[in-house]
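Reckoned from all heavy atoms, side chains included, excluding hydrogens, waters and symmetry mates.
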Amino acid sequence: MTQLQNQETATPETADLNDAELLGFEHIETAPGSSTSTEDAVGLALNKRGESGEGPVIISDRRLKTHVQRAGGTAEGLNLYSFRYIGEDHEFRGVMAQELLADERHRGAVEVGADGYYRVHYARLGLASLATDEMRAAGERAARRAGALAH
């Protein structure tokens, strides 16, 4: 993040503050030895991007989805599905991480979370508009539900 660019419009109280301080995130610290910068931590706190700056990473693991139906495809040949996350009523549209892993062109868009579930960087697939905050939150709730059932 850059320092306040136009010092002429800054008030004396804000002229020397960086973006994190201006947004009230001066208390955010990264762990010693972490590769996450303070700027990325602020972006993650705002849920506007993943550590790569490419948008949020969404759980897209088939094991956490119900009512799955093929809903079409993209010009690049990706299958799109309508689905619900376990325990959720809202229907979403997106991809299946396991399907992406089977295609070497798209494997780089998938990562495994600490909970063992697959997550997808939708922006890497050109599908950032599908990755909403509501979808991210529903996927995380489904993962917590599944984790609670497993223990």
Side-chain angles (χ1 to χ4, degrees), residues 1-5 17-151:
M1 294 181 134
T2 61
Q3 292 290 330
L4 189 61
Q5 298 282 324
L17 300 178
N18 64 29
D19 289 342
E21 293 167 327
L22 286 169
L23 294 170
F25 288 109
E26 66 275 1
H27 61 279
I28 291 180
E29 296 179 17
T30 55
S34 171
S35 63
T36 303
S37 69
T38 302
E39 290 82 8
D40 280 342
V42 169
L44 290 166
L46 292 171
N47 192 31
K48 297 300 181 196
R49 57 186 175 155
E51 288 193 38
S52 63
E54 299 175 339
V57 181
I58 307 289
I59 288 182
S60 200
D61 195 304
R62 174 62 180 94
R63 297 171 290 175
L64 297 174
K65 296 176 178 180
T66 65
H67 300 88
V68 176
Q69 294 185 333
R70 190 165 186 281
T74 68
E76 292 77 27
L78 293 171
N79 290 322
L80 295 177
Y81 298 90
S82 64
F83 60 89
R84 294 180 185 163
Y85 286 105
I86 294 171
E88 300 286 328
D89 292 328
H90 187 84
E91 186 174 276
F92 298 97
R93 288 188 183 246
V95 296
M96 296 292 159
Q98 287 86 337
E99 201 170 271
L100 298 175
L101 288 170
D103 185 334
E104 66 183 49
R105 297 173 299 156
H106 304 299
R107 285 184 192 143
V110 180
E111 66 181 47
V112 179
D115 54 12
Y117 292 110
Y118 294 113
R119 287 160 171 78
V120 171
H121 292 264
Y122 275 75
R124 291 183 188 174
L125 302 171
L127 300 173
S129 64
L130 294 178
T132 65
D133 288 341
E134 185 178 7
M135 184 178 179
R136 182 198 51 77
E140 295 297 333
R141 286 191 300 268
R144 284 193 299 273
R145 283 186 194 102
L149 292 174
H151 293 97

Q. Passes side-chain contact (heavy atoms from CB on, under 4.5 Å), Val57 versus Arg119? Steps please.
A. CA-CA 6 Å; Val57 181; Arg119 287 160 171 78; 3.3 Å; yes
(Q) Walk me through whether Leu127 and Leu78 qualify under side-chain contact (heavy atoms from CB on, under 4.5 Å). (A) CA-CA 10 Å; Leu127 300 173; Leu78 293 171; 4.1 Å; yes
Q. Can Leu130 and Leu125 be said to form a side-chain contact (heavy atoms from CB on, under 4.5 Å), step by step?
A. CA-CA 11 Å; Leu130 294 178; Leu125 302 171; over 6 Å; no
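The two residues Asp61 and Tyr117 come nearest to each other via the heavy atoms OD2-CA, 3.5 Å. When all heavy atoms are compared, the tightest approach of His121 to Glu111 is NE2-OE1, 2.8 Å. Here the closest heavy-atom approach between residue Ser82 and residue Ala71 is recorded as N-CB, 3.8 Å. Among all heavy-atom pairs drawn from Ile59 and Gly139, the shortest one is CD1-O, 3.3 Å.
In terms of modelled atom types and a separation under 3.5 Å, the side chain of Arg136 and the main chain of Pro56 share no donor-acceptor contact. Here the side chain of Arg70 pairs no donor or acceptor atom with the backbone of Asn79 at under 3.5 angstrom. Proximity of a side-chain donor or acceptor of Ser60 to a complementary backbone N or O of Val95 within less than 3.5 Å is detected.
Using a 4.5 Å heavy-atom cutoff, the side chains of Lys65 and Tyr85 are in contact. Thr132 is not listed as a side-chain neighbour of Ile58, based on a closest heavy-atom distance of 4.5 Å or more.
Here Leu64 contributes atom CG and Arg144 contributes atom CZ; the two are 11.5 Å apart, rounded to the nearest 0.5 Å. The distance from atom OH of Tyr118 to atom CZ of Arg62, rounded to the nearest 0.5 Å, is 14.5 Å. To the nearest 0.5 angstrom, Phe83 atom CZ is 11.0 Å from Glu88 atom CD. Rounding to the nearest 0.5 Å places CZ of Arg93 at 11.5 Å from CE of Met135.
No option in Glu99, Gln69, His67 other than Glu99 meets the side-chain hydrogen bond (donor to acceptor under 3.5 Å, both in side chains) test with Tyr81.
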